Amino acid sequence: MSLLESLRLALSVLWSNRLRSFLTILGILVAVSSVVAVVAVIEGLDRYVSNQILSTGSHVFQISKFGFSTDHDTYLRMLRRKDLTLDDAVALERTMQHARAVVPVVSRGATLERGKEEARGADVVGLGDGYPELRTLDVVAGRHLTRSDVQGRRFVAVIGEQVREKLFEPLDPIGREMKVGRHRFRVVGLLKERGSVLGQSQDNVVLVPVTTYRKMYGRRDPININVRAAGADVLDEAQEEATLLLKLRRGLNPWDEPDFSVSTSEMFFELYKNFTRGIYGLTLGIVAVSLLIGGIVVMNIMFVSVTERTREIGIRRALGARQRDIVIQFLSESVALAVLGGLFGVLLGGGAAVLLERVTPLPAAVRPWSVAVGLLLASSVGLFFGIYPATRASKLVPVEALRHEN
Amino acid sequence: MAAPLPLISLRGITRIYQAGREQVRALDDVDLTIQRNEYLAVMGPSGSGKSTLMNIIGCLDTPTAGSYLLNGTAVEGLDDDALARIRNREIGFVFQTFNLLPRADALHNVELPLVYAGLSIRERRERAREALAQVGLAPETKRRPNELSGGQRQRVAIARALVTSPSLILADEPTGNLDSKTGEEILAVFETIHRAGNSIILVTHDENIARRAHRIVRLLDGRVSSDVVRETAR
């Protein structure tokens with residue numbers, strides 16, 4: 001019997017036991033759909049993270065009071081650290097050899113108003129004047145904040161696209177007034193649209209001079225200092241330089257542990273990579289367990305199928321089927337079962353990924369290789385767990401199989 | 001002129017089953033020669049060894065001792081694949097319980113041996129239709145066994161046995177599950193295919209049915225107790 005014919009026979013048998021077949025493939029379905037969905041989500045995230053986070057500042061590093069903390073004690077210790085100050089930023093800017101730009105950054109949420117229009121939950125970001133050098137923010141109309149804006153503590157602002165839309169549509173915002181909290185600002189520039197990162201709009205933002213920010217909100221909000229190194233080749237030197245200078249300013253010895261954190265977006269990316277490795281590991285576990293369960297279920301159902309069809313096996317053997325033909329017949333059935341499970345799994349996993357992308361900010365990209373891996377895993381499981389029942393079917397003694405009462 | 005090669009030649013066929021610690025001698029030193037185009041009935045009470053003889057002649061079972069030549073080929077010592085091939089090409093089985101595949105329609109059931117013979121679908125269809133016509137069934141029979149009467153089922157089974165043009169038709173109580181009128185019709189089908197040149201071995205315990213054959217071999221306790229050739233009019 002040709003392979004194609006065995007396959008057709010297998011499918012018709014599986015179809016005639018639809019419900020049982022469906023229940024049998026659940027384990028494999030779960031396994032394959034998790035492969036496809038998890039890979040889709042993580043690959044989507046990867047693309048996103050490398051686009052959005054990594055590209056936001058090449059050879060840029062950030063100095064902050066807080067670093068990554070994984071436990072409460074570390075957090076409390078960090079809380080007791082001295083704040084970074086605007087003077088620290090100014091000092092770094094004056095003395096650093098390897099920095100192209102040193103930019104103090106501080107931010108909080110606020111409500112923006114203009115007449116009856118308002119924009120809630122906007123990010124008010126106080127910046128030093130070197131920020132255009134970080135190359136993460138561009139203006140499409142008007143101008144950036146300048147040194148004289150910062151030194152003069154002027155109430156001028158560069159707004160994001162979403163703020164323009166909410167407060168100024170259809171007017172040209174440049175030169176017009178708006179309120180940040182209860183303070184009046186004049187809009188001098190409009191930022192290029194940046195889209196959203198993980199559902200968080202990057203355009204609901206207003207940039208103001210960091211000095212003005214301090215005037216409005218006082219000193220409570222912690223300042224971070226972003227530094228752009230003069231080049232990729234001096235990124236490490238720039239970090240060391242900044243660390244040393246800050247230690248001295250904060251009364252530490254050069255050999256002491258710094259009481260502040262220096263991090264790059266590459267470090268973020270590294271952290272993120274560790275995180276996804278963890279998820280992959282977890283998925284691997286789920287997949288392995290569900291494949292094992294799925295395989296055992298397939299094997300059991302194949303044993304049931306063999307027992308139910310003992311008479312049929314006897315008939316086929318009497319009519320000239322070789323042992324090999326019987327093995328192929330039952331193997332086709334278990335492989336077809338498993339591959340069906342795999343196909344449904346691909347549909348389910350792909351569907352879940354697409355759905356996730358639609359209804360949540362998580363991006364997803366179904367990868368052909370994950371589909372291939374899923375189907376390959378499914379068919380191997382069908383083959384592996386089908387061998388024993390199929391062999392047992394083929395070893396039935398024809399005379400006895402023919403006498404079997406069904 | 002050489003004597004014609006017999007279809008079947010059994011010499012000293014013995015079959016011993018191990019039943020627990022007991023040994024059961026189902027066949028004990030059976031000699032039997034069957035020529036081409038014979039219509040032979042094997043009779044005997046249950047336990048006489050007629051089923052075992054059937055299975056050995058049909059290559060479903062192998063003897064413990066003795067030699068079996070089918071068409072001059074020694075069957076004993078052949079491997080499983082070779083036996084399957086003989087069952088496929090040389091032998092057509094007809095069972096008391098029909099043994100049709102319940103999920104397949106009549107045509108597919110008749111085609112089944114040809115599937116294992118490796119024929120193309122077109123050829124299979126064609127030969128299966130011919131075989132169905134030979135047993136007096138409509139060649140386009142698309143019905144499944146459970147939609148057929150007992151007589152029709154047995155006709156399908158006979159068509160399946162005939163479809164490979166085997167050397168021998170082996171029928172085990174083929175009328176055992178049929179009423180007497182239908183049984184009569186089935187016997188008529190056997191007579192027709194016998195006249196068409198087929199060799200038939202029919203196992204039965206019914207004297208009236210055995211009498212329709214041209215030769216009656218009686219078994220008792222695993223031995224041939226009588227072997228009578230009846231000269232009835234053809």
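As the structure is a prediction and not an experimental result, all values here were calculated from the model. Keep in mind that the numbers below use all heavy atoms, side chains included, and drop hydrogens, waters and symmetry copies. Order of the sequence lines fixes the chain letters, A, B, ..., with proteins taken first and strands second; residue numbering starts at 1 for each chain.
- Taking a 6.0 Å sphere around OH of A/Tyr272, one finds it holds more than 12 heavy atoms contributed by other residues, nucleotides or ligands.
- Residue contact with chain A, scored on non-hydrogen atoms closer than 4.5 Å, is absent for B/Arg89.
- Closest non-hydrogen pair, B/Leu60 versus A/Val399, comes out as O-CG2, 3.3 Å.
- Residues of residues 20-29 of chain B lying under 4.5 angstrom from chain A, judged on non-hydrogen atoms, do not exist.
- For chain A, the option among B/Asp61, B/Leu112, B/Ile86, B/Thr164 with the highest count of heavy-atom pairs below 4.5 Å is B/Leu112.
- Minimum interatomic distance between A/Ala321 and B/Ala84 (heavy atoms only, all atoms of both residues): O-CB, 3.7 Å.
- Put simply, of A/Ser12, A/Gly314, A/Gly320, the one with the most heavy-atom pairs under 4.5 Å next to chain B is A/Gly320.
- Closest approach of B/Arg87 to A/Arg317, counting heavy atoms only: NE-O, 2.7 Å.
- Going from atom CG of B/Asn109 over to atom CD1 of A/Ile315 covers 8.0 Å, rounded to the nearest 0.5 Å.
- The two residues B/Phe93 and A/Ala318 come nearest to each other via the heavy atoms CE1-O, 3.4 Å.
- Here CD of A/Glu400 is found 10.5 Å from CG of B/Asn55. Values are rounded to the nearest 0.5 Å.
- Atom CZ of A/Arg311 and atom CG of B/Leu100 lie 10.5 Å apart (nearest 0.5 Å).
- Taking a 6.0 Å sphere around CZ of B/Arg85, one finds it holds 12 or fewer heavy atoms contributed by other residues, nucleotides or ligands.
- A 6.0 Å sphere centred on OH of B/Tyr17 holds more than 12 heavy atoms belonging to other residues, nucleotides or ligands.
- Atom CZ in B/Arg103 sits 5.0 Å away from atom CZ in A/Arg309 (nearest 0.5 Å).
- Here the straight-line distance linking atom CG of A/Leu319 with atom CG of B/Leu101 works out to 7.5 Å at 0.5 Å rounding.
- Nearest heavy-atom pair, A/Leu402 versus B/Asn99, reported as atom, atom and distance to 0.1 Å: CD2-ND2, 3.4 Å.
- Contacts from residues 13-39 of chain A to chain B, taken as heavy-atom pairs separated by less than 4.5 Å, involve A/Val13, A/Ser16 in sequence order.
- In terms of heavy atoms, A/Gln323 sits closest to B/Asp81 at N-OD1, 4.5 Å.
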Decide yes or no on side chain to side chain contact (heavy atoms under 4.5 Å, CB included) for A/Glu5 and B/Ile121, but give the supporting numbers first. CA-CA 10 Å; A/Glu5 285 201 306; B/Ile121 294 185; 4.0 Å; yes

